[in-house]
Amino acid sequence: MESEPHMSAPVLAAYGYCEAVTGQQARNFAYGIRLLPTPKRRAMSALYAFSRRVDDIGDGTLAPEVKAKRLEETRALLGRIRDGSVDEDDTDPVAVALRHTADHFPVPLDGLDELIDGVLMDVRGETYETWDDLKVYCRCVAGAIGRLSLGVFGTEPGARGAERAPEYADTLGLALQLTNILRDVREDAENGRTYLPADDLAKFGCSAGFEGSRPPEGSDFAGLVHFEVRRARALFAEGYRLLPMLDRRSGACVAAMAGIYRRLLDRIEREPEAVLRGRVSLPGREKAYVAVRGLSGLDARHVSRRTVRRRA
């Protein structure tokens, strides 16, 4: 679906709303999807707007039982979208746009059920003993989004290994989520949340948590960050195998979004304690460079060459 289909005014307005939400609330994501053809960009904005609604419920100030009720109501709305009972003149623009997206792209809407499951884990205040435990959460809130996005992107006809594309999309989602966890470690602590595995925190003397601008006394905070950075880099390396399977513009979108997070990871690695002082971010000019690199296909060609060398 590369050409612009005919759309009714209500559907166009619904997509316009979703694109406005995306542009206002997800700068890195919005930056990447600019590289897509209009139909795919709109579809991605619909996925984002629904996902953002779920996240906002989980991050809000309501009581946990109220959050859980709202999340189940959102799941019921997803059921209506899935069975086609949302009309074009429905008063919920996100539902209208997502229904249209699901009608025109093979998006696995069950991934949004997984997202709701992951946010319910936040509402319950779950913590994670091991990386295997944390992976379950990351697959719900990020891996599922990778698989949903792949439904919009599609794979190139005849792409070698395309049957593994959902696996790579899932892994790339894990890489992005682990980067988010490292970037937001102090903010999450202030909100009473700990995502990094308890085993890892204990190994580096950080079990006391992160409530100030300095690491816990006597801890090896830099060692902890570098350990998690290596884990994230391994996930990126595996997930990047998706790139050669995508068309040029979809590959550029993925390379741009992933590239921004890889550069965030570089900054975090160079100065681990920066994440305790504030949110690490990239300037616009650096994001622009990442986008140009994605459009040029450099990342996809690099992955292709590396894969060929492995097979040789």
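- Residue Glu190 qualifies as enclosed at atom CD: its count of foreign heavy atoms under 6.0 Å is above 12.
- Panel note: side chain Asp87, backbone Asp89; no donor-acceptor pair is recorded below 3.5 Å.
- Criterion: ILVMFWY side-chain heavy atoms under 4.5 Å apart, direct or through other members. Under it, Leu201 and Phe227 are part of a common hydrophobic cluster.
- With respect to Arg233 and Glu269, a salt bridge is recorded, a charged nitrogen being found less than 4.0 Å from a carboxylate O.
- Under the 6.0 Å distance and 45° angle rule, Arg53 does not count as a cation-pi partner of Tyr48.
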Could you go through the side chain to side chain contact (heavy atoms under 4.5 Å, CB included) check for Val94 and Cys18 one step at a time?
CA-CA 6 Å; Val94 176; Cys18 292; 4.2 Å; yes

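- Atom CG of residue Leu176 and atom CZ of residue Arg262 lie 11.0 Å apart, to the nearest 0.5 angstrom.
- Asp200 places no side-chain N or O within 3.5 Å of a backbone atom of Leu196 that could act as its donor or acceptor partner.
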Decide side chain to side chain contact (heavy atoms under 4.5 Å, CB included) for Arg183 and Arg279; before the verdict, give the C-alpha distance in whole Å, the side-chain angles of both, and the deciding distance to 0.1 Å.
CA-CA 6 Å; Arg183 181 192 62 183; Arg279 174 168 286 206; 3.6 Å; yes

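- The distance from atom CG of Leu78 to atom OG1 of Thr74, rounded to the nearest 0.5 Å, is 9.0 Å.
- With ring centers used as reference points, Phe204 lies 6.0 Å or more from Phe221.
- By the 4.0 Å N-to-carboxylate-O rule, Asp247 lies close enough to Lys40 to be salt-bridged with it.
- Contact annotation: the side chain of Leu242 approaches that of Leu150 to within less than 4.5 Å [non-hydrogen atoms, C-beta and beyond].
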Before you tell me yes or no, could you show the steps for Tyr168 and Leu243 under side chain to side chain contact (heavy atoms under 4.5 Å, CB included), namely the whole-Å CA-CA distance, both residues' side-chain angles and the distance that decides it to 0.1 Å?
CA-CA 9 Å; Tyr168 296 140; Leu243 292 182; over 6 Å; no

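- Here the side chain of Ser250 pairs no donor or acceptor atom with the backbone of Leu246 at under 3.5 angstrom.
- Between Asp90 and Arg80 there is a salt bridge, since at least one side-chain N of the basic residue sits less than 4.0 Å from a carboxylate O of the acidic one.
- Using a cutoff of 4.0 Å between basic side-chain nitrogens and carboxylate oxygens, Lys67 and Asp59 are not scored as salt-bridged.
- The backbone N or O of Asp113 sits nowhere less than 3.5 Å from a side-chain atom of Asp110 that would complete a donor-acceptor pair.
- The shortest heavy-atom contact between Gly111 and Ala144 is O-CB, 3.4 Å.
- Relative ring orientation between His100 and His104 is described as parallel, the plane-to-plane angle staying below 30° on a 0-90° scale split at 30° and 60°.
- Open room surrounds NZ on Lys69; 12 or fewer heavy atoms of other groups in view lie less than 6.0 Å from it.
- Put simply, CG on Asp184 and CZ on Phe210 are 13.0 Å apart, with the number rounded to the nearest 0.5 Å.
- Going from atom SG of Cys138 over to atom CG of Leu235 covers 8.5 Å, rounded to the nearest 0.5 Å.
- Using a 4.5 Å heavy-atom cutoff, the side chains of Leu276 and Arg214 are not in contact.
- Between Arg70 and Glu65 there is no salt bridge, since no side-chain N of the basic residue sits under 4.0 Å from a carboxylate O of the acidic one.
- With rounding to the nearest 0.5 Å, the separation of OG1 in Thr194 from CD in Glu126 is 13.0 Å.
- Using a 4.5 Å heavy-atom cutoff, the side chains of Met44 and Ser149 are in contact.
- Follow the hydrophobic side-chain contacts under 4.5 Å out from Leu62 and you never reach Leu71; the two are in separate clusters.
- Considering only heavy atoms from C-beta on, Leu115 stays 4.5 Å or farther from Cys140 through its side chain.
- Tracing side-chain contacts under 4.5 Å through hydrophobic residues (I, L, V, M, F, W, Y), one reaches Val152 starting from Leu12; they form part of the same cluster.
- The side-chain heavy atoms of Tyr15 and Thr101, taken from C-beta on, include a pair separated by under 4.5 Å.
- The list of salt bridge (Lys or Arg N to Asp or Glu O under 4.0 Å) pairs with a residue in residues 130-148, not counting sequence neighbours, reads Glu114-Arg147, Asp132-Lys135, Arg139-Asp170, Arg147-Asp170.
- Listed by first then second residue, pairs satisfying salt bridge (Lys or Arg N to Asp or Glu O under 4.0 Å) with a partner in residues 11-20 read Glu19-Arg41, not counting sequence neighbours.
- Residue Ile181 holds its CD1 atom at 8.0 Å from OH of Tyr128, rounded to the nearest 0.5 Å.
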Could you give me the CA-CA distance, side-chain angles and deciding distance for Leu120 and Glu72, then say whether side chain to side chain contact (heavy atoms under 4.5 Å, CB included) is met?
CA-CA 9 Å; Leu120 281 167; Glu72 292 305 335; 3.5 Å; yes

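- Salt-bridge annotation for Asp103 and Arg99: present, with a side-chain N of the basic residue lying under 4.0 Å from a carboxylate O of the acidic one.
- Judged by distance alone, with hydrogens and angles left aside, the side-chain atoms of Ser219 form no donor-acceptor pair with the main-chain N or O of Pro215 at under 3.5 Å.
- Side chains of Arg186 and Val275 form no contact here, defined as non-hydrogen atoms less than 4.5 Å apart.
- Salt bridge Arg164/Glu167: present, at least one basic N to carboxylate O contact under 4.0 Å.
- A salt bridge links Asp56 with Arg52; the closest basic N to acidic carboxylate O contact falls under 4.0 Å.
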Test side-chain hydrogen bond (donor to acceptor under 3.5 Å, both in side chains) on Tyr195 and Asp122; report intermediate values, then the result.
CA-CA 10 Å; Tyr195 291 103; Asp122 281 337; 2.8 Å; yes

For Glu88 and Ser8: C-alpha separation, side-chain torsions, deciding distance, then whether side-chain hydrogen bond (donor to acceptor under 3.5 Å, both in side chains) applies.
CA-CA 8 Å; Glu88 288 188 358; Ser8 68; 2.7 Å; yes

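- The only option from Val54, Leu112, Asp117 that meets the side chain to side chain contact (heavy atoms under 4.5 Å, CB included) definition with Arg75 turns out to be Asp117.
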